[in-house]
Amino acid sequence: MDFLGPLPSNEYLVVIVDYYSRYKEICIMKKITSEETIKRLEPIFVRQGYPRSITLDNGRQFISKDFEDYCSTRNIVLNHTAPYWPQANGEVERQNNSLLKRLKISHSLNRDWKTDLLQYMMMYNTTPHSVTGKAPTSLLQNRVIRSKMPSIKDLESAPPVSSGVHDRDTVLKYKGKETEDARRHARPSDIQVGDKVLLQNLVSAGKLTPTYDKAEYEVLERVGNRVRIAEPVSGRVIERNVAHVKKIPAFDLSPGIEELPAIEDEPPALEFGSVPRPCRRVTRPLWQQDYIIHSTEDA
């Protein structure tokens, strides 16, 4: 690890190179104190893991107590080179020369050197090294990250061969989907192109806001769980999930439902008093069943 700078913009580059894979990380810094150096190293170590040892010079930020305590608590051994002998850290020094060439080209072409630096890093980490014969990412991560350069893998249309990890991931994802669908009582959506739907009001203006907008939309396209709907009046096209739209059922009485027969003769209207009133039937209560009622005629 080493610092490169200061650059014309009063910034520095901290260059970190893995000696085994030649993988390289670069950070742009305005202050090269031990505190700032630790802040830039920690995200890199979180992604790639803590190294066993670091070879560096005798800069103030590298021999400070804060930096030594940071490395000792993470079991990182510091190998300081001899003063005025940069050859001891030759790998990083060679990388600094390559970076300086790239920065000079960017400066001569009046281009953004930070953008060119990122492109250079992508090219370097994905190109086979002249010594190892493999790309730095291939040795460090056991895979070559995808760059803008086309490769044979981009032409493969068949899915990769299933492995144990891939099968387990697929099975557990399917079980989780079934469990969540059962908990939410989810049902497959039957919304198709051409259906009339209502759009759910996702931004509520108040408690009295209706769940769905009163405007009717027409489904233009459906891809998976996404639909593109258009409002017939304004022509506004919106993309939403199928869960945010509700299908309007279509009522068509002509093909499937028989019409009721027409009434030819209407019955005559009844006059008031022409229908006799039904007689009221008097029933003795149950508690009077064993009583004998005498009428005045029998007396």
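What you see is a predicted model, and the numbers here were worked out from it, not measured in a lab.
Among residues two or more places apart in sequence or in another chain, the salt bridge (Lys or Arg N to Asp or Glu O under 4.0 Å) test is passed with Asp181 by Lys177.
Between Glu42 and Arg74 there is a salt bridge, with a side-chain nitrogen of the basic residue lying less than 4.0 Å from a carboxylate oxygen of the acidic one. Of the charged side-chain nitrogens involved, at least one lies within less than 4.0 Å of a carboxylate oxygen, so that Arg183 and Glu180 count as a salt-bridged pair.
Annotation for Phe67 and Ser34: closest pair CB-CB, 4.5 Å, computed over non-hydrogen atoms. Nearest heavy atoms, Thr137 versus Asn125: OG1-O, 3.0 Å. The shortest heavy-atom contact between Lys246 and Tyr212 is CB-CE2, 3.6 Å. A pairwise comparison of heavy atoms in Trp113 and Ser106 identifies CA-OG, 3.2 Å as the closest pair. Heavy atoms only, all atoms of each residue included: Ile105 and Ser108 are closest at O-OG, 2.8 Å.
Using a 30° and 60° split on the angle between ring planes, Phe45 and Tyr70 fall in the parallel class, below 30°.
Checked by atom type and distance alone, the side chain of Arg222 pairs as donor or acceptor with a backbone atom of Gly224 at under 3.5 Å. Checked by atom type and distance alone, the side chain of Asn201 pairs as donor or acceptor with a backbone atom of Pro210 at under 3.5 Å. Of the possible donor and acceptor atoms, one in the side chain of His80 sits under 3.5 Å from a partner among the backbone N and O of Asp57. Remark: the backbone N or O of Ile28 is paired with a side-chain donor or acceptor of Arg40 at under 3.5 angstrom.
Tyr217 pairs with exactly one of Arg228, Arg236, Lys196 by the side-chain hydrogen bond (donor to acceptor under 3.5 Å, both in side chains) rule, that one being Arg236.
In this structure, NE2 in His107 is found 13.0 Å from CG in Leu100, a value given to the nearest 0.5 Å.
Side-chain contact of Tyr120 with Lys24: a donor-acceptor pair under 3.5 Å is present, judged by distance alone.
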